[in-house]
*Asks:* 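Pasting a structure here, questions to come.
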There are 2 protein chains.
Amino acid sequence: MNKKMIRIKDIAKLAGVSVGTVDRVIHNRGKVSEKAREKVEKVLQEIDYTPNLLAKTLGSNKVYTIALLVPDPSQDPYWKLSMTGLDTAQEEWRPYHMELQPCFFELENAKSFTSAAQRLLKNVPDAVVSAPIFLNEAIDFFKKLDQLGTPYVHFNTMISTVSPLSFIGQDSYQSGRLGASLLHLASKHQKGKVAILHIRESVQHSVHFREKERGFRDFYGAMHPAQSVEAVIIEGNQMDTFEEKLISAIKKNDMKGLFIPTSSGAKLTADVLEKNGLDHISIVGYDLLNENINLLKSGYIDFLIHQNPSRQVFRGIHHLANHLLFKKTAPEKELFPLEVITAENIDSYLEAVLH
Amino acid sequence: MNKKMIRIKDIAKLAGVSVGTVDRVIHNRGKVSEKAREKVEKVLQEIDYTPNLLAKTLGSNKVYTIALLVPDPSQDPYWKLSMTGLDTAQEEWRPYHMELQPCFFELENAKSFTSAAQRLLKNVPDAVVSAPIFLNEAIDFFKKLDQLGTPYVHFNTMISTVSPLSFIGQDSYQSGRLGASLLHLASKHQKGKVAILHIRESVQHSVHFREKERGFRDFYGAMHPAQSVEAVIIEGNQMDTFEEKLISAIKKNDMKGLFIPTSSGAKLTADVLEKNGLDHISIVGYDLLNENINLLKSGYIDFLIHQNPSRQVFRGIHHLANHLLFKKTAPEKELFPLEVITAENIDSYLEAVLH
DNA sequence: ATGAAAGCGCTAACAA
DNA sequence: TTGTTAGCGCTTTCAT
């Protein structure tokens with residue numbers, strides 16, 4: 001097949017110039033006469049040259065660092081899951097002298113995001129992975145990165161005003177539709193209403209939660225228009241009266257099924273339901289938190305939708321590292337599949353390696 | 001953090017020996033005195049040394065080749081899917097001068113497997129990925145590879161008498177259970193029997209089909225003992241009477257749901273059902289063949305279980321390449337998660353990159 | 001503007 | 001058994 005790899009040296013010989021000149025032409029590093037440039041470009045057009053990436057990155061002996069700006073995993077089980085992605089990435093990229101610096105902020109505190117972002121920039125990382133939990137603050141931060149020319153990848157929400165190397169996440173609208181279809185499957189032979197439950201989401205200004213609701217409603221609207229759909233909203237500052245609010249909403253609407261987009265919401269809800277003897281109510285929740293896993297196995301939750309946070313950070317780092325090291329182009333968005341978890345396939349997910 | 005990466009040269013200086021000796025110790029290339037070895041190993045224990053992979057592969061300027069022995073994708077839609085895994089792997093490993101040579105055999109022809117295997121061995125590949133469709137022939141082949149010391153990875157069925165570097169697949173028993181649980185979900189409010197449908201599987205001598213059946217039966221036995229479960233077997237040589245056999249089995253047993261482990265079986269079945277006005281029957285099938293995708297979207301199939309063949313070959317190559325190039329140890333088996341596909345998440349799978 | 005040459009960290013061949 | 005050294009293909013610096 002490929003008889004032999006073409007090297008810069010070969011091109012130099014063919015063009016009758018030195019390797020230095022070839023390098024300058026290839027990378028537009030200036031300082032080349034028209035004559036020399038033409039000779040080299042002629043050769044380049046005739047042959048099929050792909051540079052040896054190993055030699056390339058070895059030659060320019062640089063240690064890259066990728067910074068991560070994510071919520072403190074010790075404060076949030078969802079982000080705790082994502083840390084295995086960091087570990088796996090660390091493992092994968094260590095031999096290439098890629099340095100990963102995690103930088104945490106507090107989930108309920110926009111100021112801490114900003115200050116963490118500032119700390120991060122002090123270290124002038126070569127690239128950044130970030131979760132734009134606080135949208136406005138995040139946009140400011142991303143714009144700064146855009147100015148600096150620092151490549152970054154972000155999760156959750158697509159933001160049209162900034163230019164990340166790549167966006168990683170799921171189609172939230174479709175996720176809502178999927179949630180609705182699963183809830184329907186679990187509850188269709190019961191009477192009653194279904195609802196989407198927004199718990200303590202306010203902090204997230206989150207477009208993606210709204211999109212999930214839209215998808216949820218659309219599914220029922222299109223497929224089962226007779227089914228009436230509610231939304232129950234329990235804000236972060238109302239958590240002391242959570243039980244009361246939830247129960248009253250359920251009783252008032254004769255609920256048969258709940259769709260809970262917040263990953264930690266299912267546990268809160270299931271506890272209240274169990275305490276109040278309402279365990280006939282179907283639940284569709286999100287993500288493989290330990291609590292959710294237990295509830296799924298014991299039958300309190302019917303389905304989970306997996307957002308694979310660990311893979312999100314793993315892939316984010318993957319794209320950036322490939323970009324820095326090998327100049328590979330990343331997809332502008334990488335949408336993950338919407339994975340359906342049931343009591344019968346949960347173990348296969350827990351045993352599987354990061355995928 | 002780590003101020004500076006440690007190089008072999010540094011270790012040599014610390015141990016008071018030459019780089020050559022350090023290299024020999026690290027790779028057990030013999031020819032080292034006890035004294036020298038001890039000195040080096042002491043240093044290695046004290047510091048945290050990870051070799052620079054770029055330099056490593058650049059230095060040992062070798063081109064490895066991995067051969068693939070799989071069914072001709074033009075003859076089989078399932079294996080056609082797996083080819084995107086090949087392409088992705090090719091892309092990923094190109095910078096490391098890893099050569100991938102596919103080698104196809106005919107799906108219904110054991111002889112062609114053997115002859116393809118021989119052709120393959122002529123090229124003395126450094127490693128092999130293979131699908132052991134013809135179990136006996138495959139075992140012979142694997143034993144030969146074992147003798148040659150050529151590492152290999154295989155799919156589908158775990159084989160206790162051979163020693164692959166790694167086995168890649170899914171837990172077939174659990175896959176059967178999952179299939180049963182999904183079929184139950186889709187059909188539980190109808191009356192009638194459920195069945196597992198074995199279509200033209202004989203060629204595969206396949207342990208994993210039996211395991212799926214066992215899982216399928218166990219689920220119903222344990223969870224819904226009242227539900228009666230059948231098995232319908234239609235051999236490869238009976239395909240001319242397929243319709244007749246299938247319909248008579250359905251009528252006789254008053255079937256309400258079918259579990260079809262063969263990926264191409266769902267289409268055959270659905271066509272017959274539609275033709276005979278039996279479209280109330282629920283179907284759980286396997287894999288994202290185009291036909292299956294259409295049937296799922298149009299509601300003729302209720303669920304698909306995704307075996308992710310493309311990722312199977314991708315990961316197989318991944319483990320072998322890492323083994324050859326970087327001496328990384330592969331897991332002796334890598335079980336994939338059992339992915340549930342419905343009409344509402346199918347698109348997210350089709351749009352997603354290999355995952 | 002150009003070429004020559006010194007690395008980058010590791011491997012492997014060659015002396016000693 | 002050891003140490004030395006010449007590559008691997010590319011980048012970068014330094015003369016010219």
Side-chain angles (χ1 to χ4, degrees), chain A residues 2-41 43-44 47-64 93-98 324-327, chain B residues 2-41 43-44 47-64 94-98 324-328:
Chain A
N2 13 350
K3 26 216 86 211
K4 217 174 173 188
M5 282 297 172
I6 291 151
R7 303 156 6 260
I8 279 195
K9 206 198 233 178
D10 301 318
I11 299 173
K13 199 178 320 173
L14 287 174
V17 298
S18 73
V19 291
T21 304
V22 175
D23 184 72
R24 279 180 280 255
V25 170
I26 289 177
H27 299 95
N28 302 317
R29 295 198 222 279
K31 275 62 173 6
V32 253
S33 67
E34 250 340 286
K35 251 195 293 184
R37 147 162 283 111
E38 275 172 21
K39 282 193 289 185
V40 172
E41 275 173 347
V43 175
L44 282 176
I47 59 156
D48 177 33
Y49 170 67
T50 22
N52 181 322
L53 297 180
L54 299 179
K56 184 168 183 160
T57 53
L58 182 61
S60 69
N61 185 38
K62 186 165 165 37
V63 174
Y64 289 104
W93 293 103
R94 195 177 46 182
Y96 300 94
H97 298 175
M98 183 70 53
L324 294 173
L325 232 36
F326 304 129
K327 312 292 174 247
Chain B
N2 14 352
K3 25 215 86 210
K4 219 177 174 186
M5 281 298 168
I6 292 150
R7 302 156 7 258
I8 280 196
K9 206 198 235 180
D10 301 318
I11 298 173
K13 197 175 325 170
L14 287 173
V17 296
S18 72
V19 290
T21 304
V22 175
D23 184 72
R24 280 180 279 256
V25 170
I26 290 176
H27 300 94
N28 301 317
R29 295 199 223 278
K31 274 78 184 341
V32 252
S33 67
E34 247 343 284
K35 250 195 293 185
R37 148 162 283 112
E38 274 172 23
K39 281 194 290 185
V40 173
E41 276 174 346
V43 176
L44 282 175
I47 58 155
D48 178 32
Y49 170 68
T50 24
N52 183 324
L53 294 186
L54 299 178
K56 182 168 182 161
T57 54
L58 183 60
S60 72
N61 190 37
K62 183 167 165 38
V63 175
Y64 288 104
R94 199 178 41 193
Y96 299 94
H97 296 172
M98 183 71 53
L324 293 172
L325 234 35
F326 308 132
K327 312 289 173 252
K328 283 197 190 157

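Chain identifiers are assigned alphabetically (A, B, ...) following the order of the sequence lines, protein sequences preceding nucleic acid strands; residue numbering begins at 1 within each chain. This is a predicted model, so every value here is computed, not measured.
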*Asks:* Can you tell me the distance, in whole Å, between the NZ atom of Lys35(B) and the P atom of dT2(D)?
*Replies:* 8 Å
*Asks:* If each of Arg29(A) and Ser33(B) is mapped to the nucleotide of DNA chain D with the nearest heavy atom, which maps nearer the 5' terminus, i.e. the 5' end?
*Replies:* Ser33(B)
*Asks:* Hey, does Leu58(A) reach any base, or is it just sugar-phosphate, or nothing, if we go heavy atoms under 4.0 Å?
*Replies:* base
*Asks:* Roughly, in whole Å, what's the span from NZ in Lys13(A) to P in dC10(D)?
*Replies:* 14 Å
*Asks:* Quick one: is Thr57(B) getting a side-chain N or O under 4.0 Å of the dC8(D) phosphate, OP1 or OP2?
*Replies:* no
*Asks:* How many angstroms lie between CZ in Arg94(A) and CE in Met98(A), if you round to the nearest 0.5 Å?
*Replies:* 14.0 Å
*Asks:* Where the side chain of Thr57(B) meets the backbone of Leu53(B), is there a donor-acceptor pair that is under 3.5 Å apart?
*Replies:* yes
*Asks:* Could you check if a side-chain atom of Leu58(A) sits within less than 4.5 angstrom of a side-chain atom of Asn52(B), using non-hydrogen atoms only?
*Replies:* yes
*Asks:* Out of dT2(C), dT4(D), dC10(C), which nucleotide sits closest to the side chain of Val32(A)?
*Replies:* dT2(C)
*Asks:* Of the nucleotides dC10(D), dC10(C), dG3(C), which one has an atom closest to the side chain of Pro51(A)?
*Replies:* dC10(D)
*Asks:* Tell me: NE2 of His27(B) to P of dA13(C), nearest whole Å?
*Replies:* 14 Å
*Asks:* Looking only at the side chain of Asn52(A) (C-beta and beyond, no hydrogens), which of the listed nucleotides dT2(C), dC10(D), dT11(D) gets closest?
*Replies:* dC10(D)
*Asks:* Arg7(A) CZ to dG7(D) C1': how many Å, rounded?
*Replies:* 11 Å
*Asks:* Is the distance from OP1 or OP2 of dT2(C) to the nearest side-chain N or O of Thr21(A) less than 4.0 Å?
*Replies:* no
*Asks:* Does OP1 or OP2 of dA1(C) have a side-chain N or O of Arg24(A) closer than 4.0 Å?
*Replies:* no
*Asks:* Output the distance between atom CD1 (Ile8(B)) and atom NZ (Lys56(B)), rounded to the nearest 0.5 Å.
*Replies:* 8.5 Å
*Asks:* Below 4.0 angstrom from OP1 or OP2 of dG9(C), is there any side-chain N or O of Tyr49(B)?
*Replies:* no
*Asks:* Could you pick out which residue, Lys31(B) or Ala55(B), lies toward the 5' side of DNA chain D when each is mapped onto its nearest nucleotide?
*Replies:* Lys31(B)
*Asks:* Using a heavy-atom cut-off of 4.0 Å across all strands, would you classify Val17(A) as base, sugar-phosphate, or nothing?
*Replies:* sugar-phosphate
*Asks:* Tell me: CD1 of Ile8(B) to P of dG3(D), nearest whole Å?
*Replies:* 14 Å
*Asks:* Which whole-number value in Å describes the distance from Arg37(A) CZ to dG3(C) P?
*Replies:* 14 Å
*Asks:* To the nearest angstrom, how far is Ile26(B) atom CD1 from dC10(C) atom C1'?
*Replies:* 10 Å
*Asks:* Could you grab the distance from atom OG1 of Thr21(B) to atom CD1 of Ile26(B), nearest 0.5 Å is fine?
*Replies:* 11.0 Å
*Asks:* To the nearest Å, give me how far apart CG (Asp23(B)) and C1' (dT4(D)) are.
*Replies:* 13 Å
